[in-house]
Amino acid sequence: MTQQEQQEFMERLEVALSWMRAIQERLKANDNTQGPRDALEARLRETEKIHQSEHEGRVKMDMALVAAENLLQSADEDLRNRTHAKLKDLKSLWEETCMYIVHCHSRIEWVWLHWSEYLKAYEEFEMWLTKQQRSLDVQVELQVGVKEKLWQVDQQRVVVSDIHGQAVLLERLLDEAAALHNRTQDPGVEPQAQERLQEAYNDVRDRAEERLSLLQKVADEHQMYQGCVQRFQSWLLSKTKELTDLMEREDPGENKFKALQALDDVVASEEKTLQHIEGVAEAVRGTTSPAGAEMVVEEAEELRLGWQRLRQGLCEAEEGLRSSLDSHSQYMARCQRLGEDIGRLRVLLHGLDQELAEGCETRDYTEEQMVGQWRKYTGVRNTLAGEESQVELLKAQLKELFRFSEDSRHLSDDVLAVVKEHQSVKCRATRLCSESESGLRSILQDPVLVYTQWSHMVSQVLEVSAEVTDFSNVAMLVQSIEHLLKESFQLQERFSLLQVKGDLLESVFGPERSDGLQGELSAAIKTRELLHAQLLQRRSRLQGLISRTKDFSDTYDMIRSKLAALQARLLEADGLQPDILAKKSQSDQFRVIQKDLEDCEADITALETLVSSSQSNKTQFEKLYADWKHLNKAVGVKVNESEESIADHENFHDNLLNIEKWLMIMKQKLESFHSPSGDWTIDGRQNEAERVLGEFPEKEIQLQQMEAQGQGVLERTSDEGQVHITRDMKRLRESWLHTAKITKEWLRNNSVTVLDWPSQSPDRNPIEHLWRDLKMDVHQRSPSNLTELERICKEEWQRIPKSRCEKLVASFPRRLMAVLAQKGHYKSRRREFEAWLHKENEVLSKIFSTKGATLSAKEHKIQQNTLKVLRAGVSRGQEQFQLLLQESSEAGSEPAEDVDLEDLRYRWMLYKSKLKNVGDRTSAKVRGELVMIVKTKPGLLQRVCRLALLLWLLLLALLLMAFLLPLMDENNSCSLSNNFARSFSIMLRYDGPPPT
């Protein structure tokens, strides 16, 4: 058995040794870092395989160790010693082989990594070189101005600095390449490749530095140009100021002229500087962008223009000084000739003024005198028009004198005076000529104008009298015709006199206007004769009509029958109507009857002319007139009552429809809080639910007002219509109750506990203390708008401590005992006050329902007396309310802590406000009616402006009241503010359990 184990050990030992010798041979063959990179990569892959096969050798090694373990258990000492020696050699060779594997693989792997890092850095440097070469290959971009060019220079400096910074990286790359070449002898890192890389870097560096030098030169050249331009501009400004100061100095003309010549020489010598600047500008333009080049050209041109303007100003100043040095004799000769012309023109104007003054002394002229005056004034005006050229000549002579340096103010004053005198005489002559001509024309045209008016009146009379079939207005028409016939004879005489004045017409009006006037005169004569004949015919017909209607009794019977028929129609149309359309139809019938009565007034007026001296005729006429007047007044009253009834009915109908519409919308809103399962839910809609419930108090007041208004409408409606109105009001009340039922169900399903308070019971709810605390906290934070107010209220409500709520709940038994101690006196007094307030409010609502209606004098007086009684009861009501407040305080709580008392306070204040508004409106209405009697009816725009002003003032008053009420009584709770806040969107009512 030992021989077999020994043979097995030797075989496994030989296998392990063979594997190790083979591995060492392979490592020796690959243990070399020189050569190209591909060979190095192949050696790296081979050593990786050898390193991975180390596990195989370990298995062979373990198998040999297992076989040796069996031999070591043998009893032969010599065999164990040989086995130990072989195991020792095997282990030493294994350790040597493993060490060799690690060292060889690590050495090759390190060289490989070193080469990879070098290649990566080399590629990055190559990419950087390529990028720099491409940027340098692009031509330099031309810039607009100095600022941009300096920025471009700074940018290029950064590029050059970056290139110089890359020199360190290049040096490291070259060192690494040399080390790799020494280690691998690879051609890719030979010295020639290193030199090419260094040359490429040097080329990029030199080109970048060359571009920086070029850009710096361009920027310096542009800066030098800008400096030259600024210096030349400053020089131009200084020389311009020097020229201005020189011209303003009070020096002799000769000194000024010499100084101007010296300054001109200095300015002319600077043309070389300007030419140098233009040359520099031309060079700068070549290194500047097109837009910048245009700016450079414009600057150079502006400098040239400024220099030329300075030269031109110097030349003009020299010419002015030369002209001022003209001879004094020439100036004196011109002055003498101008003075002679002024004197001659003054004599002529004085004579013409005297001639005009002579004609103005007499005021009453005959026609011949007016013709003479007109011709004289026309001659004066023509003479003055001819002297216009002389006046212009004087102005031209004075203008020529201004070229001389001597003072010409005395001559200027003389010329101005004579020009004013000429204008004055000319205006006076023109005015007198126009007045005389207009007077003469009015005299000559007066017959034609009078004829135009007369013919218009004749046409009206003929048109009116053509439709007359009875005696109405006949006597008046006959008188008018008699007057027109008399005027016709007067026109005939004036036309005859005007026909013989043809020459005068032609001289005054001119040939064309005179011919036209003669034609109008001939046509007027013919038309007058025709109208005169028509007036004679119409007068004969009317006189015959008067003769046929002289019988008083027939006329009286006819008018009496008309009045009886109208009265019967009035009785037939009178009566209560069922609806608005029937009331409007009745109102139209009343207006038709009123119009027929107005037509009867003309017949009665004509009947008055037929009343003879008989006393019975006079009595009958007076009785007929009284009946007509009484019937006309009754019809007017019926018309007013019908219009009032229609207005009240329409207002009631509109309010009814509005409340029904609100109820329908409210039902839909409440139904929207139903979940799909049929339960009530307000998840995420708490604010919307609060706004919906906040609309109920205001709408309840509107419902009460509408019901009071409906009672007034029922009194003016027939039985048939009352049935419909009562049915509509009942349906509205049932709909209101149904909506209230839905609201109660909503409150119950949303866990809002509503206590069932007995009627007229005192409310001692302790939560009012919390409302007061909340009010004080909110007031201290001073919210600026409604949104902020709502947010602050919620925040302060959350901050109320639990202890405060527990304390208030604990005090509730004490408050109930205090109420019981009053023995019902407070309760009875409050019931009496509420009953009295309800009665007074009903009376006021009836008066309020007549808003916009037209009242008769009697009804208006009754309404005023009722308002006086209501105002007199305010003081008594205020005393009763103060007693209620005092008793409430004695019961052990503040007045602000009683919710029902606060509601009563709100109703009391609302009643007083409504009473005041009704009184003010009634007084304003009376004043308006008095003013309407005196003045005419204002226009639509004026009435709208007045109404807008009143509404604006009322709004300001309400806002002021809303801000001042919290300051009037600091002890009041938030309930009063809540009641007034019903006009707004926010409410502070508690709608949930206390924060305990």
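These figures come from a predicted structure and were not determined experimentally.
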Gap between atom [atom2] of [Y] and atom [atom1] of [X] - 0.5 Å precision:
X	Y	atom1	atom2	answer
Ser238	Leu243	OG	CG	11.5 Å
Gln312	Gln308	CD	CD	9.0 Å
Arg311	Lys239	CZ	NZ	13.5 Å
Arg285	Glu294	CZ	CD	9.5 Å
Gln261	Leu263	CD	CG	11.0 Å
Gln152	Lys147	CD	NZ	15.0 Å

Check your understanding: Partners of Leu150 by side chain to side chain contact (heavy atoms under 4.5 Å, CB included), sequence neighbours excluded?
Key -> Val146, Ala219, Gln223
Check your understanding: Listed by chain and number, what are the side chain to side chain contact (heavy atoms under 4.5 Å, CB included) partners of Ser135, not counting sequence neighbours?
Key ->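 Ser135 satisfies side chain to side chain contact (heavy atoms under 4.5 Å, CB included) with Gln132 only.
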Is the closest side-chain heavy-atom distance between [X] and [Y] below 4.5 Å?
X	Y	answer
Leu305	Arg309	yes
Leu236	Phe232	yes
Thr288	Lys149	yes
Gln143	Ser289	no
Gln156	Val160	yes
Gln233	Leu237	no
Leu531	Ser488	no

Review point. Where the side chain of Glu299 meets the backbone of Val296, is there a donor-acceptor pair that is under 3.5 Å apart?
Key: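 The answer is no, because no donor-acceptor pair under 3.5 Å joins these two groups.
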Check your understanding: Under 3.5 Å, side chain of Ser424 to main-chain N/O of Lys420, donor-acceptor pair present?
Key ->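 Pair absent, no side-chain N/O of Ser424 close to backbone of Lys420.
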Over all atoms of both residues, closest heavy-atom pair of [X] and [Y]:
X	Y	result
Ala317	Leu260	CB-CD1, 3.7 Å
His532	Trp454	N-CH2, 4.4 Å
Val153	Leu212	O-CD1, 3.8 Å
Val138	Arg211	O-NH2, 2.5 Å
Ile277	Cys228	CD1-O, 3.7 Å

Check your understanding: When Glu270 is tested against each of Val267, Leu274, Thr273 for side-chain contact (heavy atoms from CB on, under 4.5 Å), which residue passes?
Key -> Thr273
Check your understanding: Would you say Gln423 has more than 12 foreign heavy atoms packed within less than 6.0 Å of its CD?
Key -> yes
Check your understanding: Any chance CE of Met295 has more than 12 other-residue heavy atoms, nucleotides or ligands included, within less than 6.0 Å?
Key ->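 No.
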**Study point:** Short N-O contact, Asp341 and Arg337, less than 4.0 angstrom
**Key:** no
Practice item. I would like to know whether Ile525 and Glu529 meet side-chain contact (heavy atoms from CB on, under 4.5 Å); could you show each step before the answer? Key: CA-CA 6 Å; Ile525 292 174; Glu529 293 176 354; 4.0 Å; yes
Practice item. Carefully, step by step, assess Glu301 and Arg304 under the rule salt bridge (Lys or Arg N to Asp or Glu O under 4.0 Å). Key: CA-CA 5 Å; Glu301 291 177 352; Arg304 170 65 69 176; over 6 Å; no
Review point. Parallel under 30°, tilted from 30 to 60°, perpendicular over 60°: which one fits the rings of Tyr225 and His222?
Key: perpendicular
Point to revise | Between Gln216 and Asp220, a side-chain donor and acceptor under 3.5 Å | key: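 The criterion, which ignores hydrogens and geometry beyond distance, is satisfied for Asp220 and Gln216.
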